[in-house]
Colleague: 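Structure below; questions to follow.
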Amino acid sequence: MKWPEIPYREGADGMLEPALEFPAQPEGNVGKYGGMRLDYLREHRPLTYSRLRLEGTLKEHLLEVDAEAKRMMEAQIGYLEKANPAPDKAANPLAWTGHMNSLKAQAEEIVRNALIYA
């Protein structure tokens, strides 16, 4: 197997250093779910993590996972709320808050299993 040629340039100190160009990274914050995916890849899928980093597509992957997780969360909460309606918010705000938090936790568990830990 022959290794690819690496171009070199002269550095400020006169030493030769590799003239590597890295692909431009997409703008944006990876968000909560992208960060969860990053942690999962680092801890449980080091080969996939390394491959994505070397290809320069890690941030793009994390942004995609975060966006898809947010869409999936909204859809899941809507579905769960239709199946199990919340109590009247005006009549019992604490029960409504507890119910909505429960729905969010259920939806987040589904998203974690489907996207983050897949």
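The first residue in the sequence is number 1, and the count goes up from there. Keep in mind that what you see is a predicted model, and the values were worked out from it rather than measured.
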Colleague: Testing the basics here: between Trp96 and Ala86, what is the closest heavy-atom pair and its distance to 0.1 Å?
Modeller: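 Here Trp96 and Ala86 meet closest at CD1-CB, 3.6 Å.
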Colleague: Under a 4.0 Å N-O cut-off, is there an ion pair linking Lys104 with Glu108?
Modeller: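 Between Glu108 and Lys104 there is no salt bridge, as every charged N stays at least 4.0 Å from the carboxylate O atoms.
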Colleague: Measuring only between side-chain heavy atoms, which start at C-beta, is Leu52 closer than 4.5 Å to Glu60?
Modeller: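 No, their side chains stay 4.5 Å or more apart.
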Colleague: Please say whether more than 12 non-hydrogen atoms of neighbouring residues, nucleotides or ligands are located less than 6.0 Å from CZ in Arg51.
Modeller: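 More than 12 heavy atoms, drawn from other residues, nucleotides or ligands, come within 6.0 Å of this atom.
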Colleague: Ile110 vs Met72, test: side-chain contact (heavy atoms from CB on, under 4.5 Å). Steps then yes/no.
Modeller: CA-CA 9 Å; Ile110 293 167; Met72 196 171 174; 4.1 Å; yes
Colleague: Taking C-beta and beyond as the side chain, do Arg45 and Tyr40 meet within less than 4.5 Å on heavy atoms?
Modeller: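 Yes, close enough: below the 4.5 Å cut-off.
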Colleague: Spell out, as yes or no, whether a donor-acceptor pair under 3.5 Å connects the side chain of Arg37 to the backbone of Ile116.
Modeller: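 Side chain of Arg37 to backbone of Ile116: a pair is present.
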Colleague: Treating Ser102 as the side-chain partner and Gly98 as the backbone partner, does any N or O pair qualify as donor plus acceptor under 3.5 Å?
Modeller: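 Looks like no, no N/O pair under 3.5 Å.
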Colleague: Between Leu58 and Leu38, does the side-chain contact (heavy atoms from CB on, under 4.5 Å) criterion hold? Intermediate values first, please.
Modeller: CA-CA 9 Å; Leu58 179 61; Leu38 177 62; 4.0 Å; yes
Colleague: OH/Tyr117 to CZ/Arg112 distance, rounded to the nearest 0.5 angstrom?
Modeller: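 Answer for the OH-CZ pair, Tyr117 versus Arg112, is 5.0 Å.
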Colleague: Check for a donor-acceptor pair, side chain of Glu68 on one end and backbone N or O of Leu63 on the other, with a separation under 3.5 Å.
Modeller: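 Judged by distance alone, no pair lies under 3.5 Å.
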Colleague: Apply the test side-chain contact (heavy atoms from CB on, under 4.5 Å) to residues Leu115 and Tyr33: give CA-CA distance (whole Å), side-chain angles for both, the deciding distance (0.1 Å), then the verdict.
Modeller: CA-CA 9 Å; Leu115 291 176; Tyr33 300 106; over 6 Å; no
Colleague: Starting at CD of Gln76, measure out to CZ of Arg71 and round the result to the nearest 0.5 Å.
Modeller: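 If we round to the nearest 0.5 Å, Gln76:CD and Arg71:CZ are 14.0 Å apart.
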Colleague: Checking side-chain polar atoms at under 3.5 Å, does Glu74 have a donor or acceptor matched by the opposite partner on Tyr79?
Modeller: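 Distance-only check fails for Glu74 and Tyr79.
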Colleague: Has the side chain of Asn84 got a donor or acceptor atom that lies under 3.5 Å from a matching backbone atom of Leu80?
Modeller: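 No: the side chain of Asn84 does not pair with the backbone of Leu80.
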Colleague: Any side-chain heavy-atom pair from Leu41 and His61 closer than 4.5 angstrom?
Modeller: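 In contact.
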Colleague: Which heavy-atom pair separates Ala118 from Ala114 by the least distance, and what is that distance?
Modeller: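 So the minimum-distance heavy-atom pair works out to CB-O, 3.3 Å.
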Colleague: Can you find a heavy atom in the side chain of Met36 that is under 4.5 Å from one in the side chain of Asp39?
Modeller: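 A side-chain contact under 4.5 Å is absent here.
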Colleague: So which atom in Ile77 and which in Ala107 form the shortest heavy-atom distance, rounded to 0.1 Å?
Modeller: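 Reported closest heavy-atom pair: CG1-CB, 3.7 Å.
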Colleague: Under a 4.5 Å cut-off applied to non-hydrogen side-chain atoms, are Glu81 and Met100 in contact?
Modeller: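 Of all side-chain heavy-atom pairs linking Met100 with Glu81, at least one is under 4.5 Å.
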Colleague: Can a donor-acceptor pair be found, under 3.5 Å and without considering hydrogens, that links the side chain of Lys59 to the backbone of Pro26?
Modeller: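 Yes, Lys59 side chain to Pro26 backbone: donor-acceptor pair under 3.5 Å.
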Colleague: Show the nearest heavy-atom pair for residues Lys32 and Asp66, with the distance to one decimal.
Modeller: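 Reported closest heavy-atom pair: N-OD1, 3.6 Å.
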